[in-house]
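Here the structure comes first, spelled out in C-alpha cells, and everything after it is commentary.
Counting starts at 1 for both ligands and their atoms, in listed order.
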Amino acid sequence: MKRLALILLSLTLVACSGDDSPQRIHQQIYVFGTLVDITIDGAERERAEAAISAIDADFQRMHREWHAWKPGPLSAANQAIAAGKSAVIPDSLIPIIEHSRGLETRSEGLFNPAIGGLLQLWGFQADTPPNGPPPSPESIARWVDSGPSMAQVHLDGNAISSSNPAVQLDFGAFAKGYAVDLAIERLQEMGIANAIVNAGGDLRAIGRAAGQRPWRVGVRHPQGKGVLAAIEVSGDEAVFTSGNYERYREHEGVRYMHILDPRSGMPVQGVTTVTVLHENGALADAAATALVVAGVEGWPHIAKRLGLKAAMLVDEEGIVHLTPAMHERLSFEGEPPTLDIVELD
Ligand code: AMP
Ligand code: MG
C-alpha cells in the first residue's frame, strides 16, 4: 500500500555501539500491506530485539485474524452474518468490535466498520481496485437503505451474529491504529521507554529520540513530493493520516476514491488528506477517516464529538484547515500553504 503520508525525517537510524550498551535498534516488518518501522532507543540490544520479534508475531497474527475479505476468521464471520447465522471469532477481535462500536457512534456514523458490503460493491475489497463503471445507483441505494451499523452486531462470548445480514465488518480504517497501540503496550510491558512504531506513515511514539529530544516526523505534501510540515512528538503520541488520494478506481477520467460516505454510499470528494494527533492510535486512525468523510464543512463538528484537539484537513485546492492546537505543533516546510485556522468551540 502507498500509505506514506508521514515519513520519519531522520533516517540515520542504526547507530550501534557495543553489544549491550544503549543504542538505536531499527527494524522493518512487512505486514498489513505495508512496511512497519520500529525504532527503539536506549534499550539493551537483546531486550529490543525480543520486543521486535514479539511485535512481529503479534502483527502477523492480527493480519490473519482481522482481514476482512481474505480467508480467515473475520471473512468467515462476514459470510455467516450474510447468511443470518452466527460464527465464532478469536479473542483479539472482541475489543476491536467493542471499541469501534463506540467510535462509530461518536463519529455520528461517518466511521462505520460495518461498511464492508459497500466496499465490496465498489471493488475496494481487493488488493488492486478494478477500473470500469461504478456500481449502479440502485445497488448503492439498496446498501444505504439497509443501514448496516455496528449497533446491529451482537456478541455472546466469542459468538458473533447480526440482526442485519447487510452488516459486513471491515476494520481497514482503524486496525492499524489499534495494532500500533498494542505494539506500544508490548514495548512498555518489556520496559522500553523510547520508541516509535511507524506503520507506513501512521505512527505512535513514546519517550524521546535518543532519550533526549522529541521524535521529528514529517507530513508528506499531498500534492507532490516532499514534506508539507514537520511535527515533533514525544511522551506518548500518535499521528495518523488518511489520504483520500492513495487508493481509487477510475472510469472515463473520473476517480472514485476509497473512502466512502455511508450516508450516500458514494466516495468522498473535495478532501485530500486529514491528519490527527492524539495519544491513542486507534482513535487517531478512526478519527482521520471520519474527518475525511465529514469533509471541509463538517470536520470541526466531528472532531469535537471525538474529543480531538489537534487535527488538520487539506482540501483539494491545497488549503490547510486546522485547529489552533495543530497549528502550534506544525512547522511548515517550503512555501507556506494557505491556512484556515478553525476553533473547535
Ligand atoms: P484509512 O486509510 O485509515 O482512512 O482507511 C481507509 C479504509 O477504510 C478504506 O480503504 C476502506 O477499507 C475503509 N473505509 C472506507 N470508508 C470508510 C468509512 N466511512 N468507515 C469505515 N471504514 C471505511
Ligand atoms: Mg483511519
Report task. Measure from the Mg ion (ligand 2) to every N/O/S atom of Asp285 and report the name of the nearest one. Result -> OD1
Report task. Considering only Ile, Leu, Val, Met, Phe, Trp and Tyr, and joining two whenever side-chain heavy atoms are under 4.5 Å apart, list the other residues clustered with Ile140. Result -> Ile115, Leu118, Leu119, Leu121, Trp122, Phe124, Trp143, Val144, Val254, Tyr256, Leu260, Met266
Requested in this report: Answer with yes or no whether the side chains of His321 and Asp315 bring together a donor and an acceptor at under 3.5 Å.
Outcome: yes
Query raised in the report: Taking only heavy atoms of Asp170, which atoms of ligand 1 are found under 4.0 Å from at least one of them?
Result: 12 (O)
Report summary line: The answer for which part of Asp261 has a heavy atom under 4.0 Å from ligand 1 is neither
**Report entry** Sub-4.0 Å heavy-atom approach of Phe111 to ligand 1
**Finding:** yes
Requested in this report: Kindly confirm whether the Mg ion (ligand 2) is within less than 2.8 Å of some N/O/S atom in Thr289?
Outcome: yes
Requested in this report: Assess whether atom CD of Glu98 is packed by more than 12 heavy atoms of other residues, nucleotides or ligands within 6.0 Å.
Outcome: yes
Query raised in the report: So is Pro262 close enough to ligand 1, meaning a heavy atom under 4.0 angstrom away?
Result: yes
Query raised in the report: Would you say Ala173 reaches the Mg ion (ligand 2) with an N/O/S atom under 2.8 Å?
Result: yes
Report summary line: Per-atom filter on ligand 1: closer than 4.0 angstrom to a heavy atom of Leu110 are 18 (C), 19 (N), 20 (N)
Requested in this report: Check whether the side chains of Glu65 and Ser92 place a donor and an acceptor atom closer than 3.5 Å, and report yes or no.
Outcome: yes
Requested in this report: Pick one of side chain, backbone, both or neither for how Val292 approaches ligand 1, counting any non-hydrogen atom pair under 4.0 Å.
Outcome: neither
**Report entry** Atoms of ligand 1, numbered as shown, that sit under 4.0 Å from any heavy atom of Asp285
**Finding:** 3 (O)
Query raised in the report: Quick one: which of Arg204, Arg186, His99 gives a side-chain hydrogen bond (donor to acceptor under 3.5 Å, both in side chains) with Asp181?
Result: Arg204
Query raised in the report: Is the shortest distance from a Lys or Arg side-chain nitrogen in Asp41 or Arg24 to a carboxylate oxygen in the other one below 4.0 Å?
Result: yes
